Amino acid sequence: MLTADAYVAVVRDFAAALDLQQPMVIGCSMAGSLVLELARRHADEIGAVIGLSGALKVNGRFQDWSLRPDVNAQQSVPTLDLEPYGAAES
């Protein structure tokens, strides 16, 4: 399963395998969120971050519900959350 931990580890391992020092990381969409998380966790290893169309918090983003055997993820669609961001947390 591709978790945030696994995704961050893959990028760090890739950079280490190429002996990259302070690499610039760029990502779009899910990878945009990943590079922000990578920088949050390992800021001392990253030279620069460009996150395109990513977010620090996306409700439901790293959930594994679609891996359940009784869910056909190929036919599932996201629903629009009409509650303003952060409203439920206040």
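The figures that follow rest on heavy atoms only: side chains count, while hydrogens, waters and symmetry mates do not. Numbering of residues begins at 1 and proceeds along the displayed sequence. All figures in this text were calculated on a predicted structure; none of them were measured in a lab.
Separation of atoms CG (Asp44) and CD (Gln22) is listed at 7.5 Å; rounding is to 0.5 Å. Atom OH of Tyr7 sits about 10.5 Å away from atom CG of Leu38, to the nearest 0.5 Å.
Pairs of residues two or more places apart, or lying in two chains, that qualify as salt bridge (charged side-chain N to carboxylate O under 4.0 Å, His left out) and include a residue from residues 12-32 are Arg12-Glu45.
Side-chain contact between Leu36 and Val49: present, with at least one pair of heavy atoms (C-beta onward) separated by less than 4.5 Å. Looking at Glu37 and Val11, their side chains never come closer than 4.5 Å, going by heavy atoms from C-beta outward.
Cluster membership check: Met30 shares its hydrophobic cluster with Val25, using side-chain heavy-atom separations under 4.5 Å among Ile, Leu, Val, Met, Phe, Trp and Tyr.
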Verdict with supporting geometry, Leu52 and Ile26, side-chain contact (heavy atoms from CB on, under 4.5 Å) = CA-CA 8 Å; Leu52 305 168; Ile26 183 171; 4.2 Å; yes
